[in-house]
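Presented below is the structure to which this report refers.
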Amino acid sequence: MSAESNERSAEAGAPDPTDFIRDIVAQDVAAQRYPQIVTRFPPEPNGYLHIGHAKSICLNFGIARENQGVCHLRFDDTNPVKEDVEYVDSITRDVRWLIAGWADHCLGFKAKGASPVTATIDGKTDFRLTSVSPASLDTQVTAGTAEPFFASDYFEPIYAYAVELIKRGKAYVDDLTPEETEAYRGSPDKPGKDSPWRNRSSAENLDLFTRMRAGEFPNGARSLRAKIDMASPNIWLRDPLLYRIRHVAHHHAGNKWCIYPLYDFAHCLSDYLEGITHSVCTLEFEVHRPLYDWILGSLDLPRPLPHQYEFAKLNLSYLIFSKRRLLQLVEERFVTGWDDARMPTLSGARRRGIPASAIRRLAATVGVTKYDSVTEIAVYEHAIREELNPVALRRLAVLRPVKVVLTNIAAGEVLECDATNNPQDENPTTRKVALTREVWIENEDFAEVPPPKYFRLKPGGEVRLKYACIIKCDEVVKDAAGHVVELRCTADLSTRTGGPNVDRKVKGTIHWVSASHCVDAEVRLYDRLFTVAEPGATDDFRKYVNPQSLETVTAKLEASLAGATVDGRYQFERLGYFLVDAKDSAPDKLVLNRTISLKDTWAKK
RNA sequence: UGCCCGAUGGUGUAAUGGUAGCACAAACGACUCUGACUCGUUUUGUCUAGGUUCGACUCCUAGUCGGGCAGCCA
């Protein structure tokens with residue numbers, strides 16, 4: 001829990017970020033263009049959220065947070081064949097996790113089951129749906145009386161707007177087949193041509209559209225199209241489709257419909273219905289903006305219109321964010337699931353022990369622009385360490401143990417040492433760790449033939465056992481095969497805390513645990529999932545999955561870790577940040593994940 | 001080869017006509033009972049060519065390079 005706290009996060013005192021979108025919002029606020037700033041995060045429930053989505057979530061909720069506004073979580077669920085409630089649930093959970101303690105007071109949910117209300121404004125029929133009070137959101141969610149927004153809740157008013165467009169002569173029912181539609185559309189450098197059905201009468205269009213809804217026609221037989229310009233240089237203005245026929249049940253709307261609006265038609269209207277002021281999306285929708293504006297502008301709507309702004313999505317080196325490819329990793333068993341700790345999904349990050357605040361910190365550092373960039377993974381790793389360092393409890397653990405016998409300590413004797421829980425604290429607390437005759441040290445911390453500048457233990461050399469004392473290696477015991485099985489050392493107990501020679505310096509300090517006062521645990525060490533910086537740009541990203549992305553070891557942990565729970569964030573000294581695995585750990589069989597290693601300027605050389 | 005968008009050190013980003021700054025990375029050094037953290041120093045940049053201007057990363061024109069758009073996906 002402590003790791004989720006914002007108290008020591010940069011966010012607490014940091015100034016609000018600025019970028020070109022926030023500048024626009026600020027201008028709109030200054031001009032009092034809207035009574036309140038309302039943004040939205042509109043995922044399609046057809047996959048798990050990943051770090052790339054997190055950038056969008058942070059932007060949209062950040063804008064709301066900085067302007068006393070609200071940000072709606074809205075499912076853009078207009079294509080029932082691809083969507084599923086499993087994703088609705090995971091997305092809702094992940095969004096709430098990401099913004100917890102930061103922007104949950106801005107989260108816009110609606111009353112359960114609510115759909116847009118009809119009103120008359122200036123003699124015009126209007127539909128509207130607003131969010132419940134964020135202040136009471138938690139109790140309402142718990143009570144089951146609030147839920148996210150769904151575009152599918154707007155099918156009725158969206159249908160009414162389509163009828164209105166037909167009446168205005170701005171939409172028509174087309175009988176062209178999908179193949180013909182494609183052929184008629186032309187290509188980027190060649191204009192399209194008008195459908196023979198383009199100039200049907202309003203009455204005929206209305207009749208046909210009503211019958212489409214009534215289910216009289218099979219899939220693909222007809223469609224509703226906007227009547228714009230088949231010769232437009234912008235393909236999305238060449239009479240784009242508004243509705244298609246799909247005789248299929250919807251995961252949220254049930255069996256009510258057999259015609260479903262397409263993204264372009266549903267999205268801008270959903271924004272309007274919810275009173276969205278700033279509709280922020282990624283760059284690929286830039287060419288759709290004229291259509292977004294055309295639809296809203298063609299309906300003579302009485303309330304202020306939302307506006308669309310586009311930014312470049314996040315790319316991180318050594319990672320992939322494509323839903324299709326992520327799904328492949330899951331289905332082809334490169335990972336154990338969507339929440340595998342190596343996955344760039346939010347559920348994977350959470351299981352890995354990455355604090356939500358670190359992801360928010362990443363979003364703040366990469367900024368928001370229209371330049372399609374690739375951010376080095378090191379920026380993300382740095383953000384994780386920055387968030388974990390001040391909150392993680394220091395503990396001693398040995399991943400790959402080698403036995404050390406301290407020959408001048410009697411068997412059964414226990415020397416208690418004070419170990420600091422977190423040196424970053426203003427007033428650090430301590431705990432007791434046991435020093436006994438036999439201890440484990442890290443395999444890497446002993447070298448029979450040390451490389452130059454090796455600070456750790458070597459034959460005849462000295463090293464400090466952290467929080468304990470300096471030891472000297474007297475003898476290296478090997479088995480018949482020549483492997484080191486035991487190091488026989490003497491402890492200089494005068495260098496213990498409180499001892500006369502505490503201040504004696506040796507170059508190296510290493511971690512250790514008592515062999516008689518420790519617990520075994522399965523520890524999972526993660527490395528990058530891919531071996532190349534841009535796996536998405538290769539011929540087949542699966543060929544570049546890192547075979548060493550997961551290594552499992554049986555580690556020795558200091559005894560105090562015996563009761564560790566998922567809530568604890570630990571730094572195993574000199575090794576990295578760890579937490580208990582939420583799925584596979586049990587009280588009698590601890591399983592821990594390494595979130596990330598400590599920066600290691602020695603190993604690099 | 002139609003339309004739209006973009007280009008600042010290795011990477012990401014700031015400077016909104018007036019000293020090119022910050023972060024990450026890298027290198028070196030200091031400190032250190034974590035080769036971590038912290039601190040200090042250093043290396044490296046405005047895509048090109050014209051134009052406007054006292055002055056251009058910024059405005060204009062052309063070019064180069066990169067990205068997006070031809071789902072009844074979002």
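So that the names make sense, note that chain A is the first sequence line, chain B the second, and so on, each numbered from 1.
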Using a 90° cut-off around 0 for syn, call B:G66 syn or anti. anti
Give one of base, sugar-phosphate or nothing for A:Pro42, where a contact means two heavy atoms less than 4.0 Å apart. nothing
Give A:Leu283 one of three labels, base, sugar-phosphate or nothing, depending on what nucleic acid heavy atoms sit under 4.0 Å from its own. nothing
Within residues 188-198 of chain A, find the residues that approach RNA chain B with a heavy atom at under 4.0 Å, and present them sorted by residue number. A:Pro188, A:Asp189
What is the separation between atom CZ on A:Phe455 and atom P on B:C33, rounded to the nearest whole Å? 13 Å
How would you label the contact of A:Lys599 with the nucleic acid (heavy atoms, under 4.0 Å): base, sugar-phosphate, or nothing? sugar-phosphate
Does B:C39 have a Watson-Crick or wobble partner in any strand here, with both distances under 3.5 angstrom, and which is it? B:G29
Parallel, tilted or perpendicular: rings of A:Tyr263 and A:His267 (30°, 60°): tilted
Which part of the nucleic acid, if any, lies within contact of A:His288, taking any heavy atom under 4.0 Å across all strands shown: a base, the sugar-phosphate backbone alone, or nothing? base
In residues 367-374 of chain A, which ones come under 4.0 Å of RNA chain B, going by heavy atoms? A:Thr369, A:Lys370, A:Tyr371, A:Asp372, A:Ser373, A:Val374
Base-pairing mate for B:U1 - Watson-Crick or G-U, with both contacts under 3.5 Å: none
Any salt bridge linking A:Lys432 with A:Glu558? Criterion: basic side-chain nitrogen under 4.0 Å from a carboxylate oxygen. no
Quick one: do A:Asn315 and A:Asp372 satisfy side-chain contact (heavy atoms from CB on, under 4.5 Å)? Show the steps, please. CA-CA 8 Å; A:Asn315 294 295; A:Asp372 189 18; 3.3 Å; yes
When we call it a touch if two heavy atoms are under 4.0 Å apart, what does A:Asn46 touch: a base, just sugar-phosphate, or nothing? nothing
Select base, sugar-phosphate, or nothing to describe what A:Glu310 touches, counting heavy atoms under 4.0 Å on all strands. nothing
Just the rounded figure in Å: distance from P of B:C72 to CG of A:Asp175. 16 Å
Using whole Å, report how far CZ of A:Arg225 lies from C1' of B:G71. 13 Å
Which part of the nucleic acid, if any, lies within contact of A:Asn234, taking any heavy atom under 4.0 Å across all strands shown: a base, the sugar-phosphate backbone alone, or nothing? nothing
Residue met sooner reading RNA chain B from 5', once A:Val506 and A:Thr177 are mapped to nucleotides: A:Val506
For A:Arg185, which contact category applies under a 4.0 Å heavy-atom criterion: base, sugar-phosphate, or nothing? sugar-phosphate
For B:G17, which nucleotide is its Watson-Crick or G-U wobble mate, given both distances must be under 3.5 Å? none
Going by purine N1 to pyrimidine N3 plus the second Watson-Crick contact, or the G-U wobble pair, all under 3.5 Å, which nucleotide sits opposite B:C24? B:G10
Identify the nucleotide, in any strand shown, that forms a Watson-Crick or G-U wobble pair with B:A70, with both distances under 3.5 Å; if there is none, say none. none
The nucleotide from B:U16, B:C33, B:C24 with an atom nearest the side chain of A:Thr497 is B:C33
Output the rounded distance in Å from NE2 (A:His250) to P (B:C73). 13 Å
As its Watson-Crick or G-U partner within any shown strand, both distances under 3.5 Å, B:U34 has none
Over all heavy atoms of both residues, which pair between A:Asp19 and A:Leu59 is shortest? Give the atoms and the distance, please. OD2-CD2, 4.3 Å
Which is true for A:Leu176 with a 4.0 Å heavy-atom rule: it touches a base, it touches only sugar-phosphate, or it touches nothing? base
Just to be sure I understand the rule, does A:Arg394 reach a base, reach only the sugar-phosphate, or reach nothing, if contact means heavy atoms closer than 4.0 Å? base
Classify the side chain of A:Glu376 versus the base of B:G10 as yes if they form a donor-acceptor pair under 3.5 Å and no if they do not. yes
Quick one: do the A:Tyr467 and A:Glu573 side chains pair a donor with an acceptor below 3.5 Å? yes
Taking all non-hydrogen atoms of both residues into account, name the closest pair between A:Glu376 and A:Leu316 and its distance. O-CD2, 4.3 Å
Classify A:Phe265 by what it touches in the nucleic acid, base, sugar-phosphate, or nothing, heavy-atom distance under 4.0 Å. nothing
Hey, does A:Tyr243 reach any base, or is it just sugar-phosphate, or nothing, if we go heavy atoms under 4.0 Å? nothing
So what's B:U46 paired with, Watson-Crick or G-U wobble, going by both distances under 3.5 Å? none
Under a 3.5 Å limit on both distances, the Watson-Crick or wobble mate of B:U53 is none
Give one of base, sugar-phosphate or nothing for A:Arg456, where a contact means two heavy atoms less than 4.0 Å apart. base
